[in-house]
Amino acid sequence: MTYLGRLRLGVNVDHVATVRNARGSAWPDPLRAALLAEASGADGITAHLREDRRHIRDADIVALKAGLGIPLNFECGATDEMLRIALQTRPHAVCLVPEKREERTTEGGLDVAGDIPRLTDYVAALREAGARVSMFVGHQAAQLEACATIGAAVVELHTGHYSDLHAEGREAEAAAELAALTRGAALAHSLGLEVHAGHGLTYDNVAPIAAIPQVMELNIGHFLIGEAIYVGMEQALSEMRRRMDQARSSENRP
Ligand code: PXP
């Protein structure tokens, strides 16, 4: 088994904007949170511009791109509007996700296998603009193979189902989902895709995901932003980092 070294931590600042928008005011400012995360050792910042602009807004994306010293991962649905914004913004990375208006968060992976011709052109346009394109998908082999077919550089494995099972104490099912994610990571890596993971990760459930050898980056938002309310961004990030690094260290290799 290959171990690919230090895991990167991307911090999703959407929920700072959620709190801001609840009052229709100018604070808290997602850029300020992102700069604090950068100062606290984050390797990148993710922001999801949803079609309904329920949290991050267009002006946040412009401010993040201009203000950050670390890479911006622009997360969006694969629509014409978002392609236009991504091509204008020229972020380091674009993560394509499925989007349903009625969902509270991104509930499932993108159906790449069912949309190959369109997504091939979409990814090509982003690649030509210099973006590393990532597909937010489940661990199913057909989806991972389709990501390689359409020319994506990265897959982000959706850990939401694993996180839910873990939170509900359904340990056997969580272990089965973890095993499927582990197999998916190995398959994606063998197809030449860089492997990321994220959704629903917390202090309690991050270690087994961080220990998957092919995973190179975790993207974490809701829990970290919530924890930062109590202990501050620096402490929240450093505790997450400690748990990720510990899971990755030689003593903890399976
Ligand atoms: N990665 C992707 C692609 C996501 O859509 C999200 C949620 O916006 C996350 C990671 C972070 O998930 P969470 O906020 O649950 O940590």
Side-chain angles (χ1 to χ4, degrees), residues 7-19 21 30 33-34 37 42-57 60-61 64 71-79 82 86 91-101 103-112 131-139 143 147 152-167 181 184-185 188 193-207 209-210 215-229 233 236-237 239-241 243-244:
L7 201 48
R8 293 196 301 268
L9 172 58
V11 175
N12 181 317
V13 295
D14 294 352
H15 296 295
V16 178
T18 304
V19 175
N21 298 357
D43 298 293
I45 297 295
T46 296
H48 182 179
L49 187 66
R50 293 187 74 105
E51 188 192 0
D52 63 8
R53 311 301 199 265
R54 73 173 71 152
H55 39 57
I56 293 293
R57 296 176 180 150
D60 295 321
I61 296 293
L64 287 164
L72 172 64
N73 180 28
F74 175 70
E75 189 183 320
C76 61
T79 64
M82 292 301 154
H92 168 82
V94 175
C95 180
L96 297 178
V97 301
E99 230 181 73
K100 292 191 221 110
R101 263 176 194 273
E103 71 190 356
R104 262 193 292 176
T105 180
T106 315
E107 282 164 5
L110 194 62
D111 180 14
V112 182
R132 275 180 80 66
V133 184
S134 161
M135 314 302 288
F136 190 46
V137 286
H139 49 63
Q143 295 298 345
C147 291
V154 180
V155 287
E156 180 162 330
L157 293 174
H158 196 315
T159 55
H161 188 45
Y162 156 79
S163 301
D164 289 345
L165 292 168
H166 191 275
L181 287 164
L193 295 158
E194 183 173 309
V195 185
H196 300 176
H199 210 283
L201 297 177
T202 67
Y203 291 158
D204 287 341
N205 66 21
V206 74
I209 300 295
V215 172
M216 296 187 69
E217 178 176 309
L218 298 183
N219 286 302
I220 309 182
H222 189 252
F223 176 83
L224 269 180
I225 298 302
E227 191 62 14
I229 293 171
M233 186 70 84
L237 253 73
E239 179 58 17
M240 188 60 82
R241 182 83 270 154
R243 288 175 189 245
M244 287 163 54

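As the structure is a prediction and not an experimental result, all values here were calculated from the model. Just so it is clear, the values below take in all heavy atoms, side chains as well, and ignore hydrogens, waters and symmetry mates. Atoms within each ligand, like the ligands themselves, are counted from 1 in listed order.
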Could you go through the side-chain hydrogen bond (donor to acceptor under 3.5 Å, both in side chains) check for Thr46 and Asn12 one step at a time?
CA-CA 4 Å; Thr46 296; Asn12 181 317; 5.4 Å; no
Angle between ring planes, Phe223 versus Tyr203, binned at 30° and 60°: parallel, tilted or perpendicular?
perpendicular
Taking 4.0 Å as the limit for heavy-atom contacts, which would you say applies to Thr46 with ligand 1: side chain only, backbone only, both, or neither?
neither
Any heavy atom of Glu156 under 4.0 Å from ligand 1? The part involved is side chain
Closest approach of Leu181 and Leu157, non-hydrogen atoms and distance?
O-CD1, 3.7 Å
Using a plain distance cutoff, I'd like to know if [X] has any nitrogen or oxygen under 3.5 Å from a nitrogen or oxygen of ligand 1.
X	answer
Glu75	yes
His48	no
Phe223	no
Gly221	yes

Which ligand 1 atoms are under 4.0 Å away from a heavy-atom of [X]?
X	value
Asn12	8 (O)
His222	13 (P), 14 (O), 16 (O)
Gly200	12 (O), 13 (P), 15 (O), 16 (O)
Asn219	10 (C), 11 (C)
Val97	3 (C)

Holding to side-chain contact (heavy atoms from CB on, under 4.5 Å), I want the full list of residues that pass it with Ala34, two or more places apart in sequence or in another chain.
Val13, Ile45, Leu64, Leu68
Heavy-atom donor-acceptor pair, Asp60 side chain to Arg57 backbone, under 3.5 Å:
yes
With sequence neighbours excluded, residues passing side chain to side chain donor-acceptor pair (under 3.5 Å) with Asp204
none
Within less than 4.0 angstrom of ligand 1, does Phe136 place any heavy atom?
yes
Close side-chain approach of Val206 and Met244, heavy atoms under 4.5 Å:
yes
Do Ile220 and Val11 come close enough that some side-chain heavy atom pair is under 4.5 Å?
no
